[in-house]
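Side chains included, hydrogens not; waters and symmetry mates left out as well; all remaining heavy atoms used. Only a predicted model underlies this, so the values are computations on that prediction, with no experimental measurement involved. A, B, ... follow the sequence lines: proteins, then strands. Residue 1 opens every chain.
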Number of protein chains: 2
Amino acid sequence: MMTYGTVEGTARPAGRPRSAKADQAIIDAVLDLIGEGVGVSELSIEAIATRAGVGKTTIYRRWSNKEDLVVDALAALKAPLPAFPGTSVRDDLILYLNVIRQESGNPRTRCVMNIAMSEQDRHPRLAERFHEVAVEPRRAALRAVLHRGMETGEIRRDIDVEIAMAVIGGAMVWSLKSVREAKDLPEDLAERIVDELMAGLAGR
Amino acid sequence: MMTYGTVEGTARPAGRPRSAKADQAIIDAVLDLIGEGVGVSELSIEAIATRAGVGKTTIYRRWSNKEDLVVDALAALKAPLPAFPGTSVRDDLILYLNVIRQESGNPRTRCVMNIAMSEQDRHPRLAERFHEVAVEPRRAALRAVLHRGMETGEIRRDIDVEIAMAVIGGAMVWSLKSVREAKDLPEDLAERIVDELMAGLAGR
DNA sequence: TCGATACGCAACCGTCCCGTTTCGAAATGC
DNA sequence: GCATTTCGAAACGGGACGGTTGCGTATCGA
């Protein structure tokens with residue numbers, strides 16, 4: 001964001017201050033459009049301005065670059081992670097997967113995720129920001145759950161945590177991607193994934 | 001594809017026949033552009049024609065619709081699946097994952113996959129075709145491996161096969177998506193995923 | 001009150017693309 | 001030879017968009 005800092009000693013520039021409302025309207029417009037399935041490359045400043053009820057100049061005054069704008073918009077997308085009750089690792093993992101599943105039903109989240117996943121070749125900065133804002137916090141939370149489980153003995157102490165995280169998240173994401181609608185998946189998908197994972201595939 | 005059938009009894013139309021070379025050049029151009037990261041919506045007929053060294057009319061004569069063209073291009077993308085040696089389920093699964101990993105290094109395959117995954121909302125027919133051409137054959141092969149393992153006793157007979165498939169594929173795909181380059185992943189990723197999966201997470 | 005800056009709005013020109021048409025040349029069947 | 005069809009190339013009118021500029025207004029500090 002390119003708003004002026006309010007650091008002490010920094011002189012506030014003369015003239016009319018920038019409208020925080022315009023800031024928010026622009027960010028919201030970007031997120032809305034992305035949520036409607038518009039790709040980054042197809043995002044037009046004009047469309048954003050129109051949607052935000054804002055002049056194009058107001059956008060160009062703040063961002064010189066479309067990608068900068070999208071990066072800021074992505075950063076504004078907060079990732080509310082539920083507190084894990086911690087009654088058991090199994091319950092925490094199931095909750096974790098169900099949050100992912102539920103979020104994938106939100107068009108905005110869904111499309112942001114699509115963009116982050118598919119355009120990381122063309123927009124590395126964007127993908128990086130998304131990773132930092134949305135992915136890493138979740139990974140950290142999941143990692144904590146697993147470590148706690150290793151301490152309580154619910155999980156083997158010698159598992160490869162990074163591999164386990166990839167397996168857990170990947171299973172849900174891949175399932176969601178394999179069907180048209182999240183509704184097409186069994187109600188208890190999260191439970192089944194976690195139980196299958198805990199038990200392992202190997203014969204007795 | 002809109003080439004003329006060669007069914008017996010079908011009269012061959014008069015005039016100059018369509019160039020098979022042009023057909024192939026157009027399909028290749030589409031695949032090339034997609035492989036370079038161009039999204040479906042940004043694919044322009046002009047760019048395709050230029051790349052293919054073909055007049056726009058030659059394209060419009062064959063496809064009335066950009067999506068039809070992309071669907072045909074996708075269908076032309078064959079999915080060579082290796083024969084599974086079948087010495088053990090573990091080895092087959094590792095091979096399966098390593099094929100996925102290796103293919104994700106091919107820009108063309110990678111981008112086609114990106115498109116199929118992220119634009120299934122906007123282009124359902126395209127996603128469906130991709131699923132049919134690329135996804136289902138792999139799923140069938142993987143399913144066969146698991147069933148064989150259940151028969152030999154290498155795998156529990158009571159596993160949920162669909163869940164297991166989601167877990168196996170998802171783990172690799174999700175890992176690949178989590179890093180910039182496939183090179184950033186450990187060499188033995190496939191082995192580690194499979195072993196972790198076979199063993200399960202649960203404490204002793 | 002006055003200067004400075006931001007605001008929404010409209011217009012501008014250049015670029016890209018679309019889908020169609022026209023052109024002369026080439027390739028086939030009759 | 002002739003009709004027919006396709007070929008690549010070029011051009012068309014129309015539309016979308018980019019990035020810039022100017023306009024009149026609104027909102028701040030001095």
Over 12 foreign heavy atoms within 6.0 Å of CD, B/Q102: no
Donor-acceptor pair present, B/R16 side chain and D/dT5 base, under 3.5 Å: no
Donor/acceptor link under 3.5 angstrom from A/K56 side chain onto base of C/dG8: no
Spacing of [X] atom [atom1] relative to [N] atom [atom2], expressed in whole Å:
| X | N | atom1 | atom2 | result |
| --- | --- | --- | --- | --- |
| B/R61 | C/dT21 | CZ | C1' | 12 Å |
| B/I45 | C/dT20 | CD1 | C1' | 13 Å |
| A/I59 | D/dT20 | CD1 | C1' | 15 Å |
| A/K21 | C/dA6 | NZ | C1' | 15 Å |
| B/E42 | C/dC16 | CD | P | 15 Å |
| B/W63 | D/dT6 | CH2 | P | 14 Å |
| A/L69 | D/dG18 | CG | P | 11 Å |

Assign [X] to base, sugar-phosphate, or nothing according to its heavy-atom contacts below 4.0 angstrom with the strands shown.
| X | value |
| --- | --- |
| B/T57 | base |
| B/I48 | nothing |
| B/L43 | sugar-phosphate |

Of A/R110, A/R138, A/R108, the residue whose pairing with A/E103 passes salt bridge (charged side-chain N to carboxylate O under 4.0 Å, His left out): A/R138
Selected nucleotide, minimal atom distance to B/Y60 side chain, candidates C/dG19, D/dG18, D/dT6: C/dG19
Smallest separation among heavy atoms of B/P186 and B/R101, with atom names: O-NH1, 2.9 Å
5'-most by nearest nucleotide on DNA chain C - A/T58 or A/E46: A/T58
Basic-acidic side-chain contact under 4.0 Å: A/E196, B/R156: yes
Check ion pair B/E162-B/R139 (N to O, under 4.0 angstrom): yes
